[in-house]
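The structure under discussion appears below in the form of structure tokens.
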Amino acid sequence: MPLNDYRGEHPPHPNPYAATDILTLLHENHWLTTDPSPEQTAWAERAAQLLGHYAENRSALANLLRPVFHYDAAEILQSPDAQAAISRFAARDVIRHLALLLLEPAPFTSERFKEVATYLKETCGVRSRDLFNPIRLALAGRVGEGELDRVILLLDEAALLSFAVPVKSARTRILEFCSALD
């Protein structure tokens, strides 16, 4: 199921990017230091499809890729944006329920993201920003818009691949985030 089915969003820009652009950025940022494997190339194609519409230029595309390869929950929680997001109504409940859901080792696919979002809406009684900002903060390390949902969808697949910088899975991130939160 395409991610747009669950969010109902339309990308803001045409997508000029392909796997080669992602691979070039991976090399430039030292996230990949060898020739890409076929699996890494397939991941790069998926990253281009998911993120390319949201990047106005190469710098913006690199900025969207950065949270895949750099995640430090303690550092994230020091930012004023993170503190503001955590202090919002039901944010800690959303994070707590998300953590319980992610203890199950199933990959965080777009279908699973849809199921998690639906469950959290029903369980925590929140929607929109109050629902998605805690999820985005805990898993992508930033508060933002729908492009961060796409970053989150790249995590588990990237975590299985051998990049120069190990990628933390959604499950690993939520555990780290909850540990740093307390």
For [Y], is there any backbone N or O sitting under 3.5 Å from a side-chain donor or acceptor partner on [X]?
X      : Y      : result
Tyr17  : His53  : no
Arg112 : Ala106 : yes
Gln83  : Leu77  : yes
Asp81  : Arg142 : no
Arg171 : Pro105 : no
Thr33  : His30  : no
Trp31  : Arg66  : no
Arg150 : Gly146 : yes

### Verdict with reasoning, Leu61 to Ile22, per side chain to side chain contact (heavy atoms under 4.5 Å, CB included)
CA-CA 8 Å; Leu61 186 59; Ile22 300 292; 3.8 Å; yes
### Message
Before you tell me yes or no, could you show the steps for Thr24 and Arg58 under side chain to side chain contact (heavy atoms under 4.5 Å, CB included), namely the whole-Å CA-CA distance, both residues' side-chain angles and the distance that decides it to 0.1 Å?
### Response
CA-CA 10 Å; Thr24 299; Arg58 288 183 83 251; 3.4 Å; yes
Minimum heavy-atom separation for [X] to [Y], with atom names?
X      : Y      : value
Glu39  : Leu161 : CB-CD2, 3.5 Å
Ala180 : Ala74  : CB-N, 3.9 Å
Leu65  : Ala47  : CD2-CB, 4.4 Å
Ala84  : Ser87  : O-OG, 2.9 Å
Asp156 : Ala170 : OD1-N, 2.8 Å
Trp43  : Leu154 : NE1-O, 3.1 Å

#### Entry: ILVMFWY network linking Leu160 to Phe108, side-chain heavy atoms under 4.5 angstrom
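Not linked; separate clusters.
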How long is the straight-line distance from [atom2] of [Y] back to [atom1] of [X], given to the nearest 0.5 Å?
X      : Y      : atom1 : atom2 : value
Leu25  : Leu64  : CG    : CG    : 10.5 Å
Lys168 : Glu176 : NZ    : CD    : 3.5 Å
Leu102 : Ile95  : CG    : CD1   : 11.5 Å
Thr123 : Leu98  : OG1   : CG    : 11.5 Å
Tyr71  : Leu155 : OH    : CG    : 9.5 Å
Leu120 : Glu115 : CG    : CD    : 11.5 Å

### Query
Should the ring pair Phe163 and Phe69 be called parallel, tilted or perpendicular, given that the plane angle runs from 0 to 90° and is split at 30 and 60?
perpendicular
### Task
Side-chain contact test, heavy atoms from C-beta onward, threshold under 4.5 Å: evaluate it for Leu148 versus Phe132 and give yes or no.
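No - every pair of side-chain heavy atoms lies 4.5 Å or more apart.
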### Task
Check whether any side-chain heavy atom of His70 sits under 4.5 Å from a side-chain heavy atom of Val165, and report yes or no.
no
#### Entry: Worked check of side chain to side chain contact (heavy atoms under 4.5 Å, CB included) between Arg92 and Leu181
CA-CA 9 Å; Arg92 288 178 183 259; Leu181 188 58; 3.5 Å; yes
### Task
In sequence, state the C-alpha distance, the side-chain angles, and the governing distance for His27 and Leu32, and then conclude on side chain to side chain contact (heavy atoms under 4.5 Å, CB included).
CA-CA 5 Å; His27 281 288; Leu32 181 64; 3.7 Å; yes
